[in-house]
Novice: 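Would you mind keeping the following structure in view while I ask a few things?
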Amino acid sequence: QVQLVESGGGLVQAGVSLRLSCAASGRTGSTYDMGWFRQAPGKEREFVASIRWSGGAAYYADSVKGRFTISRDKAQNTVYLQMNDLKPEDTAVYYCKSQSIGTGDSWGQGTQVTVSS
């Protein structure tokens, strides 16, 4: 099974940047992709970005395209989310997700990102 630990969240002002990290451990299967989701108060959890573990192809929600960049360090089993030009509407709990062949899906505990106007 995969355990995921997120870090890097915080309270920032609009227009600044944050970088989230998600470290995976305990994997016994083969990772297919990893990604980020977020959930704002009163809203459904939504997709933010994902990256294929093998080839590195990245995918983004329209709301963050051009501002956020997902990347990975395969040697460290870590995925990152660089968030630039943060807006108040980016305020949410951000969750890391791993999809693995053989061991299934895993979710992190979540990290709070709050963007003030």
Side-chain angles (χ1 to χ4, degrees):
Q1 296 298 108
V2 178
Q3 291 80 50
L4 304 176
V5 180
E6 301 112 324
S7 62
L11 193 159
V12 299
Q13 291 187 325
V16 304
S17 299
L18 282 175
R19 190 175 80 154
L20 306 183
S21 299
C22 175
S25 63
R27 185 175 65 224
T28 59
S30 179
T31 301
Y32 175 70
D33 66 3
M34 294 185 69
W36 294 91
F37 290 70
R38 66 187 183 186
Q39 188 166 22
K43 296 184 64 177
E44 184 180 40
R45 187 173 298 185
E46 66 177 353
F47 168 79
V48 176
S50 66
I51 187 166
R52 294 286 192 267
W53 207 247
S54 179
Y59 306 88
Y60 299 93
D62 288 342
S63 58
V64 307
K65 196 171 297 181
R67 297 188 297 122
F68 291 10
T69 303
I70 190 169
S71 61
R72 84 237 193 271
D73 185 333
K74 295 174 71 175
Q76 297 295 319
N77 291 321
T78 301
V79 65
Y80 304 95
L81 185 67
Q82 178 68 43
M83 305 184 294
N84 297 328
D85 191 26
L86 282 163
K87 305 177 183 298
E89 49 263 45
D90 296 318
T91 295
V93 177
Y94 284 70
Y95 297 91
C96 180
K97 182 184 180 181
S98 172
Q99 298 188 106
S100 299
I101 300 171
T103 58
D105 302 343
S106 299
W107 289 88
Q109 197 71 24
T111 185
Q112 177 71 48
V113 173
T114 302
V115 184
S116 62
S117 60

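Computed from a prediction, not measured in an experiment: that's the story for all the values here.
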Novice: Using a 3.5 Å distance criterion without hydrogens, assess whether the side chain of E6 forms a donor-acceptor pair with backbone atoms of C96.
Specialist: yes
Novice: Just so I know, are the side chains of Y59 and F47 near enough to count as touching, which here means a heavy-atom distance under 4.5 Å?
Specialist: yes
Novice: Could you pull out the closest heavy-atom pair between W53 and N77, with the gap in Å?
Specialist: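 That would be CZ2-CA, 4.0 Å.
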Novice: Using the test side-chain hydrogen bond (donor to acceptor under 3.5 Å, both in side chains), find all partners of D105 that sit at least two apart in sequence or belong to another chain.
Specialist: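 For D105, no residue satisfies side-chain hydrogen bond (donor to acceptor under 3.5 Å, both in side chains) once neighbours in sequence are set aside.
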Novice: Under 4.0 Å between a side-chain nitrogen and a carboxylate oxygen: does that hold for D62 and K65?
Specialist: yes
Novice: Checking T78 side chain against Q76 main chain: does a donor-acceptor pair fall under 3.5 Å?
Specialist: yes
Novice: Determine the minimum heavy-atom distance between V113 and G9, stating which atoms define it.
Specialist: CG2-CA, 4.1 Å
Novice: Minimum heavy-atom separation for Q3 to G26, with atom names?
Specialist: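 Minimum heavy-atom separation between Q3 and G26: OE1-CA, 3.7 Å.
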Novice: Are F37 and M83 grouped together when hydrophobic residues (ILVMFWY) are joined by side-chain heavy atoms under 4.5 angstrom apart?
Specialist: no
Novice: Should W36 and S50 count as side-chain neighbours, where that means a heavy-atom distance under 4.5 Å?
Specialist: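 No - every pair of side-chain heavy atoms lies 4.5 Å or more apart.
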Novice: Under a 3.5 Å cutoff, is there a donor and acceptor pairing between the side chains of R72 and Y80?
Specialist: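 Absent: no donor and acceptor within the cut-off.
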Novice: Rounded to the nearest 0.5 Å, what separates atom NZ in K74 from atom CD1 in I51?
Specialist: 10.0 Å
Novice: Which heavy atom in A24 sits nearest to a heavy atom in M34, and how many Å separate them?
Specialist: CB-CE, 4.4 Å
Novice: Aromatic rings Y95 and W107: how do their planes relate, parallel, tilted or perpendicular, breaks at 30° and 60°?
Specialist: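 If you compare the ring of Y95 with that of W107, the planes turn out perpendicular.
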Novice: Can you tell if the side chain of K87 reaches within under 4.5 Å of the side chain of R67, non-hydrogen atoms only?
Specialist: yes
Novice: Y94 and R38: which non-hydrogen atoms are nearest, and at how many Å?
Specialist: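 Taking Y94 first and R38 second, the nearest heavy atoms are OH-NH1, 2.9 Å.
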Novice: For residues S106 and L4, report the shortest heavy-atom separation together with the two atoms involved.
Specialist: O-CD1, 3.5 Å
Novice: Pick one: which of I70, D33, D73 meets side-chain contact (heavy atoms from CB on, under 4.5 Å) with V79?
Specialist: I70
Novice: Donor-acceptor pairs under 3.5 Å, side chain of residues 12-22 to any protein atom, not counting sequence neighbours: which ones?
Specialist:
unit_1	atom_1	unit_2	atom_2	d
S17	OG	N84	OD1	2.9

Novice: Quick check on Q109: does its CD atom have over 12 non-hydrogen neighbours (other residues, nucleotides or ligands) under 6.0 Å away?
Specialist: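 No.
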Novice: Using the test side-chain contact (heavy atoms from CB on, under 4.5 Å), find all partners of Q112 that sit at least two apart in sequence or belong to another chain.
Specialist: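 Here the qualifying residues are T91, V93, T114.
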